[in-house]
Amino acid sequence: SFGGDTNNNGPSAGGPNQWNGLDFNAGSDSSQLLWTIVRCGGAFGNPGLAISNASPTFEDCTVSTWQSTGIDLGLTGALPTVKRCQFNGCNRPSDNLTWASLAGFSNCTATGSSGFQGSRVTSGNPGPFAVVQGHNLINGALNLATSVTVNAGQTLILGPGTVIKSDNYHTVTVDGSLIMAGTGDRPVVFTSYTDDTWGGDTNANGPSGGGPNQWNGIIYNAGASAGA
């Protein structure tokens, strides 16, 4: 597909799981991938873009035909800039994102994933201050893969078009400030993993609708605030 028949074996196409991937570790902040295609890998469960305590820049890149995850932050302090990137044919487009890291993503898409086709957050603590809007989420949707607690003194702001889908009986507990600032045409939505009504078929199982009893809800404790 790229570079022609360089192994001289006649027409052939690459497939997933044929090499490992790219790792960006501490000290790699100045790295830039612009209009770069990363494909046909993911051996041994390696992500296409593995980022650990680093803040590289990826713009207009594609990770495709990937055995594992497209981009994985490993729940570290990684704060990459990820703009207009595509994750096509990955096991899942993203994993182990933190709330703070989401602001660095914008206008990214995913297709052909067997897992959740959106941003997968596995951090239960949003940190001191985090802002998330719809355009920060891959395909405009976030998979809430854990329960979340907004602690006293912390602020989590969810802006227009933010769609959050819980994949289990997770709870959002608020002891600090949870601000949901949707608009009439772009509301903030909390729903279940199976609900295609908002964000589309992000679990890639064909048309399905959400139903009652698929996640826990939002709990505001004494001292919590809900502004707009």
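Positions are given from 1 along the sequence. On a predicted model such as this, the values are computed, not experimentally measured, just so you know.
- Checking each of Thr171, Asp175, Val172 against Thr149 for a side chain to side chain contact (heavy atoms under 4.5 Å, CB included) leaves exactly one that passes, namely Asp175.
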Legend entry - CA sep, side-chain torsions, deciding dist, call: Ser166, Ser192, side chain to side chain contact (heavy atoms under 4.5 Å, CB included): CA-CA 5 Å; Ser166 177; Ser192 75; 5.8 Å; no
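- Leu75 and Ile71 are assigned to two separate hydrophobic clusters, defined by single-linkage of ILVMFWY side chains at heavy-atom distances under 4.5 Å.
- Annotation: side-chain hydrogen bond (donor to acceptor under 3.5 Å, both in side chains) contacts of Ser30 (sequence neighbours excluded): none.
- Under the salt bridge (Lys or Arg N to Asp or Glu O under 4.0 Å) criterion, Arg186 pairs with no residue, sequence neighbours left out.
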Inset, instruction - Carefully, step by step, assess Thr81 and Lys83 under the rule side chain to side chain contact (heavy atoms under 4.5 Å, CB included). - result: CA-CA 6 Å; Thr81 298; Lys83 296 181 177 180; 3.8 Å; yes
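- Cluster membership check: Phe190 shares its hydrophobic cluster with Tyr220, using side-chain heavy-atom separations under 4.5 Å among Ile, Leu, Val, Met, Phe, Trp and Tyr.
- Applying the ring-ring contact (aromatic ring centres under 6.0 Å, His included) rule to pairs touching residues 123-178 yields nothing, sequence neighbours excluded.
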Taking distance alone, no hydrogens or angles, what donor-acceptor pairs closer than 3.5 Å link side-chain atoms of residues 41-58 to residues at least two apart or in another chain?
unit_1	atom_1	unit_2	atom_2	d
Asn46	ND2	Ala43	O	2.7
Asn53	OD1	Gly77	N	3.1
Ser55	OG	Leu79	O	3.3

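- In this structure Asp201 satisfies the salt bridge (Lys or Arg N to Asp or Glu O under 4.0 Å) test with no other residue, sequence neighbours excluded.
- By the side-chain hydrogen bond (donor to acceptor under 3.5 Å, both in side chains) test, Thr6 is found to be paired with no residue, residues two or more places apart in sequence or in another chain being considered.
- Put simply, CG on Asn8 and OG on Ser12 are 10.0 Å apart, with the number rounded to the nearest 0.5 Å.
- Applying the side chain to side chain donor-acceptor pair (under 3.5 Å) test to every pair with at least one member in residues 61-80, sequence neighbours left out, gives these pairs: Asp72-Asn96.
- Applying the ring-ring contact (aromatic ring centres under 6.0 Å, His included) test to every pair with at least one member in residues 78-125, sequence neighbours left out, gives these pairs: Phe116-Tyr193.
- Under the side-chain hydrogen bond (donor to acceptor under 3.5 Å, both in side chains) criterion, Ser101 pairs with Thr98, sequence neighbours left out.
- The distance from the OG atom of Ser177 to the CG atom of Asn151 is 12.5 Å, given to the nearest 0.5 Å.
- Judged by distance alone, the side chains of Thr194 and Gln214 do bring a donor and an acceptor atom under 3.5 Å apart.
- Annotation: the span from Asn107 atom CG to Arg84 atom CZ amounts to 7.5 Å, rounded to 0.5 Å.
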Can you give me every donor-acceptor pair (side chain of residues 137-144, partner residue at least two apart or in another chain, under 3.5 Å) with its distance?
unit_1	atom_1	unit_2	atom_2	d
Asn139	OD1	Ala110	N	3.0
Asn139	ND2	Ala110	O	2.9
Asn139	ND2	Gln117	O	3.1
Asn143	OD1	Arg120	NE	3.3
Asn143	ND2	Lys165	O	3.4

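- Val163 belongs to a hydrophobic cluster whose other members, connected by ILVMFWY side-chain contacts under 4.5 Å either directly or through intermediates, are Val189, Trp198.
- In this structure, CG on Asp196 lies 9.5 Å from OG1 on Thr191, to the nearest 0.5 angstrom.
- With rounding to the nearest 0.5 angstrom, the OG atom of Ser31 is 7.5 Å from the CG atom of Leu33.
- With sequence neighbours excluded, the residues forming a side-chain hydrogen bond (donor to acceptor under 3.5 Å, both in side chains) with Asn91 are Ser114, listed by chain and number.
- Shortest non-hydrogen contact noted between Gly159 and Thr162 is O-OG1, 2.8 Å.
- A donor atom on one side chain and an acceptor atom on the other are found under 3.5 Å apart for Asp195 and Thr197.
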